[in-house]
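Worksheet for the structure shown next.
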Amino acid sequence: MVYDANDEAARTRALDDEKDRALDLGLILRDERGRRFMFTHIFETCHVRRVSFVSTDTHATAFNEGARAVGEALLEDIRSNHFDAFIKMMEEFNDPND
């Protein structure tokens, strides 16, 4: 989030927004279905842990890298702010042979 660091009200709003987003994500991760939803989107839709490179198409590679960047950001948010849910999600849905 971008805000004016010299503006106390803007800093307060930014912190409040950050707390709200963390609460939103925590609400999703509280339920097994929510964890499955996040896992599926991070690892399948966003191609995390997959090769993004498409040898015949640089645009497809760039597109895949964009999706992967979104997945990596979501995964880092979960790891950083909801570590217990991250561990539980990985135990529930991660295939160690994948």
Side-chain angles (χ1 to χ4, degrees):
M1 168 169 291
V2 177
Y3 62 91
D4 181 357
N6 293 317
D7 181 347
E8 181 66 32
R11 281 196 314 268
T12 300
R13 278 192 310 274
L15 288 172
D16 289 345
D17 289 347
E18 189 176 317
K19 288 176 189 174
D20 279 345
R21 282 192 303 277
L23 288 171
D24 293 343
L25 186 56
L27 192 65
I28 293 167
L29 295 170
R30 186 175 303 147
D31 185 69
E32 181 181 352
R33 288 175 182 246
R35 290 188 300 275
R36 183 177 59 227
F37 175 85
M38 293 304 293
F39 184 90
T40 300
H41 282 295
I42 289 168
F43 291 101
E44 292 177 18
T45 306
C46 295
H47 317 288
V48 170
R49 290 193 190 157
R50 295 207 176 125
V51 176
S52 298
F53 180 68
V54 179
S55 64
T56 58
D57 190 346
T58 56
H59 295 292
T61 298
F63 180 83
N64 290 343
E65 274 298 295
R68 202 171 70 73
V70 170
E72 290 288 353
L74 284 170
L75 190 60
E76 183 55 33
D77 197 7
I78 293 169
R79 272 193 298 242
S80 297
N81 298 307
H82 305 280
F83 190 72
D84 292 341
F86 165 72
I87 294 296
K88 192 167 189 170
M89 179 179 75
M90 297 308 285
E91 289 173 348
E92 290 170 332
F93 306 109
N94 189 38
D95 181 357
N97 299 317
D98 195 12

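Start at 1 with the first residue, then count along the sequence.
- Residues Asn94 and Arg49 meet the side-chain proximity criterion, which asks for heavy atoms closer than 4.5 Å.
- Between Ala10 and Asp4, the shortest heavy-atom distance links the atoms CB-O, 3.9 Å.
- The aromatic rings of Phe83 and Phe86 sit tilted relative to each other, their planes meeting at an angle between 30° and 60°.
- Across all their heavy atoms, Val48 and Leu75 have their closest contact at CG1-CD2, 4.2 Å.
- With rounding to the nearest 0.5 angstrom, the CD atom of Glu18 is 8.5 Å from the CG atom of Asp77.
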Verdict with reasoning, Thr40 to Arg36, per side-chain contact (heavy atoms from CB on, under 4.5 Å): CA-CA 6 Å; Thr40 300; Arg36 183 177 59 227; 4.1 Å; yes
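- Taking 4.5 Å as the limit, some side-chain heavy atom of Met90 sits within range of a side-chain heavy atom of Phe39.
- Contact of the Arg68 side chain with the Arg50 side chain is not registered, since no non-hydrogen atoms from C-beta on lie closer than 4.5 Å.
- Annotation: side chain of Arg21 is in contact with side chain of Asp17 (closest heavy-atom distance under 4.5 Å).
- A donor-acceptor contact shorter than 3.5 Å is absent between the side chain of His82 and the backbone of Arg30.
- Counting all heavy atoms, side chain and backbone alike, Ser52 lies closest to Asn64 at O-ND2, 3.2 Å.
- Heavy atoms only, all atoms of each residue included: Cys46 and Val70 are closest at SG-CG1, 4.3 Å.
- Across all their heavy atoms, Leu29 and Met38 have their closest contact at CD2-CG, 4.0 Å.
- Between Leu25 and the choices Asp20, Asn81, Ile78, the side-chain contact (heavy atoms from CB on, under 4.5 Å) rule is met once, by Ile78.
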Intermediate values then yes/no, ring pair (Phe, Tyr, Trp, His ring centres under 6.0 Å), His59 and Phe63: CA-CA 6 Å; His59 295 292; Phe63 180 83; over 10 Å; no
Pair Glu76-Ser80, side chain to side chain donor-acceptor pair (under 3.5 Å): steps then yes or no: CA-CA 6 Å; Glu76 183 55 33; Ser80 297; 2.6 Å; yes
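- Of all heavy-atom pairs between Ala67 and His47, the closest is CB-CD2, 3.8 Å.
- Atom CG of Asp84 is separated from atom NZ of Lys88 by 9.5 Å, given to the nearest 0.5 angstrom.
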